[in-house]
Amino acid sequence: MMKFRFRRQGTDPQREKIKQELFAFNKTVEHGFPHQPSALAFDPKLQLMAIGTKSGAIKVYGAPGVEFTGLHKDTTAVTQIHFLPGQGRLLSLLDDNTIHLWELVAGAPREVGGVKREGVVCLQEVSSYTLPGKPGIESCSATRVTVLLLLRSCDLLCIGTEGGGVYFLELPHLSLKDSQTLLQDQVTQSLPEDYRCGKSLGPVESLQEHPQQPGKILIGYSRGLVVLWDLSTRHAEQLFLGKQQLESLVWERSGNLFVSSHNDGGYSVWAVTNGDTYNHQAVSSTIPYGPFPCKAINKILWRTTQTGSPMLLYSGGMPRASYGDRHCLTIQQDKDHVTLDFTSRVIDFFTVHSIEHEQEFDEPSALVVLLEEELVAIDLQTPGWPSLPTPYLAPLHSSAITCSFHISSVPPKLWERLVNAGKAQQGRQHAHGLSSQAGSKTAQRKQGRVHEDGTVRFWDASGVALTPLYKLGTANVFHTDCDPSDDPQDPNDDPDMQQEEEWPPFRKVGCFDPYSDDPRLGIQKISLCKYSNKLVVAGTAGQVIVLGLSDERSDHLVDVSVVDLLQDREGFTWKGHDRLEPRLKPAPFPPGFQPLVLVQCLPPASVTAVALHAEWNLISFGTSHGFGLFDYHRRNAVLARCTLHPNDSLAMEGPLSRVKSLKKSLRQSFRRIRKSRVSGKKRTITTPTSKVQEANAALAEQEDVAPVQRRIEPRSADDSLSGVVRCLCFADTFLRDGTHHGPTLWAGTNSGSVYAYALEVPGVGSGRVCERGGAGEGSVCVEAVLGKEIQLMHRAPVVSICVLDGRGKPLPDPYEASQDLAIAPDMTNAHSVLIASEEQLKVFSLPKVSAKTKFKLTAHEGCRVRKVALVVFSSTAQEDYSEHTLVCLTNLGDMHLFNIPGLRPQVRYDCIRKEDISGIASCVFTKNGQGQTEEPPSALSSPILDTPLDSPLSCADLTLDSTGELTVEDVRDFLTTVDEAENNLKNIKEEEGRSTGILIN
């Protein structure tokens, strides 16, 4: 006996080995658009693009799936990036005035499974340099770098500074060549006396190398002076005496002309001649959007074409008074003039054009514009200059993200139909798009994201690049302030082809739109059955839409059903927003997911939970007032259950209400503080029966609490929003007795209540599979009978409910067992239900609903459970070995893994920064050990839940069985004992020896 107990307290070497083979934690890839981009560069030889961010990150992109990331040691903004063409190197300039050289380096070869493979290529910093300043107070500002120019020979870097000096660094060693340094005084001596006037030339704004004569560079100063400098002879070959503040310079390909842009919104064309040293007058000067004051043209490009008319591209220049707040880029060629109007600030842009020296013309083929929130590509070879769909870097947050949903192992047929629906949406643009291969169909994964504007966007998540597949809109189901066109596929509605009869000729470009026409359209919850192609989306105004996949366009009227969750309960008045008005006539729906039925919850509060069981044709939905069950096959409501407490006043105000009382919030906070100071031994817990009160009080008096364990405060039943439904679950299990199983519905609320309903579904019973369309089936309706009602005594919000079969494994998804797509569940042994609240995990046996095991996470860590998922982890050593594991993410950003049904801790790792609240709230787990979380600027809306202070009170889980009466023994089973608390701590200490984690990608 002593030997057995000693081995139980130690670590099991065999188990430790299995855990090493099962669990590992790696951050593998980042999807989406970089946060706060600040610099852009392009390597035309290697076809690489680089983006720098304000946090000091550099991301290099090649073909779809080729991405490299480098991080500077300091989180300082990257202001400029320049490639060394064809070398796999790049230079970065930071806001702290340091210059860094990066290189793509291949790692050492490695052997995987007996096969020798090449090393992993990564972006590494090779060296850095800081320009030294002269002694004096203004030394820092005088040598502050303003612009970099890399000569075509790639052996010399020219550096312009705020003090007007130009310095030269030798590459790749980043060593300063003092002999080449050009100070402003040397240039000033060459100027005419009348131009000097004792004024400084200002900072160096632009440096450009002569396109035909290497070693000659244009130096542009802020005051307007432009100098053509010969590096070999070290003298000014020609001076262009501009008088308007300079912004940028660009050469014409032949080198006979260059263009300067200015802060008055104009640009000038200058001729380069061999005769005169001084050039006082430009060939032409134009203010395209004058004559009224205009904003500066920040950057300008001049590209030659075979047609003879050059193409001019520039950012800015808008009239200050009327369009000063617009973010624009203009394209001009002969009589064609388009002003691209973006919804976010222009950071930088470049053109894809011919770089061969023997070519006479630039012939630009595409324009790439980096904006603050997205990347836009424009086709410059097609008349009208339409937009190009980018193969990656699509902004996930084009509209505020409200919910995410992930599906793995997508059936090929569903994948093909979604791709075809997406191609039909892109229409004409798809022919000019940048093609990308989706990857192996056996590994296809799909990511669904729903947005505040009522759209659902489907993404190909099978590779590194997250590629948009299909976009579903729900706004056309309702009458809104901005109704969509009757014909979504009308080519005249293409924003790229619309040109309003106004000046400037604006054209809206890009998909980033942070504004929503109606916030009630926002989608909050989503559920998809990949086998039946049924989709359920639920929104902010209580709308629940069931959609089916169709390959053909359809014009039809959507069936509407109203479900009153209050059930005529008196004393409640809804003070929030109105419901969305459904269309009363047929509406057009393009190929893809098309609405079948609209279920409207009353009051129209935001939907907080949704569940779909396509095999039974049932959906369940919950709000802050209750939950309902709907049969979308027969178009009838089965169940409506109100979960409101008499004091749930905030639940009647809605998420869009602005009438919440600050005084009431403060009063509730002070009440919680006072409650936390009350002694637990003198406090009684309010329960439905006097027997339970007596049993709890007696056991609390007898129980001593371990000093290392925190007791969990029972939450008050009158807390606001206690009726919010947090989770819903369908399961085929034993609820009425231990011999007959059948369909059930489980619902968990914010106050720790769990409702279990036994369902009578026609064609589904103990051991029978549903067969729709059977004899007499249409005349029988689905019925729901309350079987169990469980109340967690600590009243913590229920985060997740999952039913486990006789082997302790989760039940398969709908259609998986009946279609032999998964191992059939064990229906011979007793089932159990796993209920995860914010404070503890607990397994109850079925059908008696008696506690089997529990783990109180809050008692040890003081944390709150935020996300729970059951995940299958496969062994890397044994192909046929896997384990079902409970993954738990807390509000501290760490992940805990537990085996099921024993709830024994396996591993624990830090995953997300605890300050990243939106990242924790948006985390999504897949069934095969992957996880995804959103990072800024993507945001996820979630209900704000009050969490009371911990206090030294004992807690209990109270099970209310509608078929029997509670006894003291029943309550004793649900109370935490000191031995259980010690076992929890002991289990964690035993598992903290290893530092491994989950593979997330």
Side-chain angles (χ1 to χ4, degrees), residues 25 27 401-404 524-525 608-609 655 665 668-669 672-673 676 708-716 719-722 724-727 748-752 792 794-802 834-842 854-871 885-898 903 905-925 931-936 938-951 955 984-985 988 992 997-998 1000:
F25 179 81
K27 185 176 181 180
I401 297 176
T402 53
C403 180
S404 296
Q524 299 298 326
K525 298 295 176 182
T608 57
S665 299
Q668 290 174 344
S669 300
R672 293 193 188 97
I673 295 175
S676 67
V708 293
Q709 179 178 352
R710 307 177 189 178
R711 279 176 166 169
I712 306 172
E713 176 188 3
R715 307 188 182 202
S716 173
D719 279 347
S720 297
L721 300 176
S722 62
V724 176
V725 178
R726 293 289 298 273
C727 59
T749 71
N750 216 34
S751 60
L792 306 180
H794 57 298
R795 296 186 180 276
V798 179
V799 179
S800 174
I801 301 174
C802 180
L834 170 62
I835 299 177
S837 72
E838 283 192 356
E839 295 172 352
Q840 69 177 359
L841 313 170
K842 197 155 191 178
K854 74 168 106 176
F855 187 90
K856 299 177 67 174
L857 202 63
T858 302
H860 175 68
E861 299 289 341
C863 55
R864 306 282 178 177
V865 178
R866 287 291 179 258
K867 297 288 181 176
V868 172
L870 289 174
V871 177
T885 306
L886 177 68
V887 180
C888 172
L889 179 67
T890 72
N891 63 331
L892 301 181
D894 53 358
M895 257 192 297
H896 301 255
L897 273 68
F898 303 87
L903 298 183
Q906 300 300 300
V907 289
R908 171 190 174 275
Y909 299 101
D910 295 330
C911 177
I912 307 172
R913 293 181 302 106
K914 63 180 180 181
E915 296 83 9
D916 188 4
I917 300 176
S918 63
I920 296 173
S922 64
C923 185
V924 176
F925 293 109
Q932 291 187 346
T933 182
E934 294 168 11
E935 298 179 356
S938 301
L940 178 68
S941 302
S942 59
I944 299 175
L945 306 176
D946 293 330
T947 52
L949 301 172
D950 289 338
S951 67
C955 69
N984 281 347
L985 297 174
I988 291 180
E992 282 181 346
I998 318 172
I1000 299 181

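Along the sequence shown, residues are numbered consecutively beginning with 1.
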Could you tell me if the side chain of [Y] sits less than 4.5 Å from the side chain of [X], heavy atoms only?
X	Y	answer
R866	V799	no
I401	S922	no
V887	M895	yes
F25	V907	no
T749	S722	no
E838	R726	yes

Please name the pair of heavy atoms, one in [X] and one in [Y], separated by the smallest distance, quoted to 0.1 Å.
X	Y	answer
A609	K525	N-CG, 4.0 Å
P905	F855	CG-CE1, 3.7 Å
A869	F925	CB-CB, 3.6 Å
V798	G752	CG2-CA, 3.9 Å

In Å and rounded to the nearest 0.5 Å, what is the [atom1] to [atom2] distance from [X] to [Y]?
X	Y	atom1	atom2	result
L834	K854	CG	NZ	13.5 Å
L892	I912	CG	CD1	11.5 Å
I920	T890	CD1	OG1	6.5 Å
L889	H896	CG	NE2	8.5 Å

Got a sec: does the CG of L870 have more than 12 other heavy atoms crowding it under 6.0 Å? yes
Evaluate Q932 against S404 for side chain to side chain donor-acceptor pair (under 3.5 Å), listing each step before the verdict. CA-CA 9 Å; Q932 291 187 346; S404 296; over 6 Å; no
Indicate whether the side chain of T885 and that of Q906 have a donor and an acceptor atom separated by less than 3.5 Å. no
Determine yes or no for a side-chain-to-main-chain donor-acceptor pair under 3.5 angstrom, with K856 supplying the side chain and E839 the backbone. no
